[in-house]
Asker: 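Submitted below is the structure of interest, expressed as structure tokens.
Here is how names work: the chains are called A, B, and so on, in the same order as the sequence lines, proteins then strands, and each is numbered from 1. The structure presented is a predicted model; accordingly, all values stated were derived computationally and were not measured.
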Amino acid sequence: MTTKVTSTPVPPTRRRGTEAARARQAFWLLLPTLIAIALVAGYPLYRTIFFALFEADLTTPDQRTFLGLGNFWFTTEEGVALGFLQDPKWWEAVKNTMLFTVVSVFLETVFGMIIALVVNSAFKGRAFLRTAMLVPWAIPTVVSAQMWAYMYNDSFGLVGRGLLGGQALLANTDTAIWALIAVDVWKTTSFMALLILAGLQSLPGDMYEAADMDGASKWTQFWRLTLPLLRPALLVALVFRSLDALRVFDIMYVMLGANNAAATSMTGYARQAMIDNSMLGMGSAVAVAIFLIIMVIVVVYVTAFRVKFD
Amino acid sequence: MNLQKTNPTLYYLQRGLFYLLVLVISVYLLLPFFWAVLTSFRRSGDLFLSPMEFVMAPSTVSNYVQVFANPSFQRGLLFSVIVAVAAVIISLILGSFAAYALGRFRFKGKSMVLYIILAVSVFPQIAVLGGLFTLVRATGLYNNPIALIFSYLIFTIPFTVWVLTSFVRDIPGELEEAALVDGASPLQTLFKVLFPVMMPALVTTGLLAFINAWNEYLFALTFTSSNRTVPVVIANYSGASQYDQPWGQIMAASIVVTVPLIILVLVFQRNIVSGLTAGAVKG
């Protein structure tokens, strides 16, 4: 295992030996991580895919019947639709999750950009704002969900009673989804702003001086210089935020309860089937569907925008 | 810059609007938290007051006294600390081995390993929930913090490996070459040469992983029944009856769980930003 590298020129064969030794060492260094990943991600994922093909109860997973794709789509002889893809509640969850993802990621990007541009310019109180930016991000999601549930409360919430005059926003899933978007935007705009700010600070300053000399307005400079140069950083941030939004669970579950969370988030729907209703097979099928949706979106993002991760 | 002299009105108007924007942003970012802090110091009877009266109402620490006297909150704090610290320590140890290999060694299949790790970090947790649940049950670890420590590795390990790999790449290679020439083994090199240099990176990564583990909700909700972590305790915090939400206590518990994080984040501000951008922008 020990490698001696001498200072004298190394003959080609010896060098190849060293390379092979280095590769072996790298393997041993990586092994614990690979085993851990196989145990916590690989094997459970395999089990989820496996159970998706069976009818099984959560408490007795060993007593199962093979269904094939029946958890996804199955109609009994009496015409009862049992597959989750035939359940309107699933499609409501998909629709709400997509709405949530598109609107909140869009708003986070716009607000994040505005905050980053403000913090990137020189003014008194900039250090304060930079610090304030970190506060919503540092607050645990469950805590921000509870904070906002209180703010939305129709009898004493600052928003629910004050701004909306006693309207119970969270009682109805159609209005609740907008209330939830507002919570997510509040919590993660700072994260977006931080990433954009880091991108802004790496932009070359002399290009702006040249643009100033040429008489380009700040507005033109933003669209022609800043935005194109920020593209790579922005895209990676967008991918990560979108994936986070697609698998959202906490804020729905805490603010709406298990049942309404199942109609507003795909993860909430899967968890209700799998854990609350104890239908391991059906819940696993939903989880597989979510996994596939997310993987497809990753591939689309990466190929359409040629996102580079390294 | 000469706008100030040529057209002072326009200049001050612009400055004024800019500071108005700064004010709006600050209020937007801080008001909900400020309101939660305020509520945590108010008596439950005062919640119905109008906002101005509410601000002026007398303060009390009784919500905090009750929260700290609550046994499930005490247990929650204890379990949260155990679970998050253990998950972070395991991830840092495994992660720094892997990051050293990925950042310094050249070998076949390296980009493959990097992509697997990246894929796991975009994994929806729900995709492993059922599989993990049956495993947790089968091994008798249900309601045991070990189940949470183990399952949290699914997000702490990929994160630490990615961030530490980008830090390892930035360390000048001469340092360990010298150690290798002296005949040190890779592990000796890692522990004696790289760890001291990587200390700031380890602290940053550990802190960010700690925040993620401290906040985790889905696994904690599913794999435990009484040994719950604080996010689950706070989400389920209930009063004497179902219809009586003790908002003052909920907010007090929320503040107790949040303030240490905010202090840590503010103290390590610079490191956090660099850690986040290394983790997110580079991958």
Asker: Among A/K124, A/M295, A/M133, single out the residue with the greatest number of heavy-atom pairs under 4.5 Å to chain B.
Answerer: A/K124
Asker: Angle class for the B/F219/B/F223 ring planes (parallel below 30°, perpendicular above 60°, tilted otherwise)?
Answerer: parallel
Asker: In terms of heavy-atom pairs under 4.5 Å with chain B, which of A/A41, A/A287, A/P136, A/A23 leads?
Answerer: A/A41
Asker: For the residue pair A/Y150 and B/Q245, establish whether any side-chain heavy-atom pair is separated by less than 4.5 Å.
Answerer: no
Asker: Rounded to the nearest 0.5 Å, what separation is found between the OG1 atom of B/T156 and the CG atom of B/L94?
Answerer: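 One gets 9.0 Å once the value is rounded to the nearest 0.5 Å.
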Asker: Which one of A/V254, A/L134, A/I49 has the most heavy-atom pairs closer than 4.5 Å to chain B?
Answerer: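 The residue among A/V254, A/L134, A/I49 with the greatest pair count is A/L134.
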Asker: Heavy-atom cut-off 4.5 Å, strictly under: side chain, backbone, both or neither for A/I37 against chain B?
Answerer: side chain
Asker: Taking A/R126, A/M151, A/M147 one by one, which has the highest count of heavy-atom pairs under 4.5 Å against chain B?
Answerer: A/M147
Asker: Is it the case that B/R15 places NZ or CZ above or below the six-membered ring of B/F18, under 6.0 angstrom from the centre and within 45 degrees of the axis?
Answerer: yes
Asker: Please state whether the side chain, the backbone, both or neither of A/P61 comes within less than 4.5 Å of a heavy atom of chain B.
Answerer: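 Just its side chain gets close to chain B.
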Asker: Counting heavy-atom pairs under 4.5 Å to chain B, which of A/L58, A/V288, A/V119 comes out on top?
Answerer: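 Option with the greatest count: A/L58.
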Asker: Among B/A138, B/A127, B/A99, B/P158, who wins on heavy-atom pairs under 4.5 Å with chain A?
Answerer: B/A127
Asker: For A/Y46, which atoms come within 4.5 Å of any heavy atom of chain B: side chain, backbone, both, or neither?
Answerer: neither
Asker: When heavy-atom pairs shorter than 4.5 Å are enumerated against chain B, which of A/T141, A/I114, A/L31, A/L129 gives the highest number?
Answerer: A/L129
Asker: Tell me, out of B/V113, B/V232, B/L102, B/T39, who's got the most heavy-atom pairs with chain A below 4.5 Å.
Answerer: B/T39
Asker: Please confirm whether A/F54 and A/F50 have ring centers closer than 6.0 angstrom.
Answerer: yes
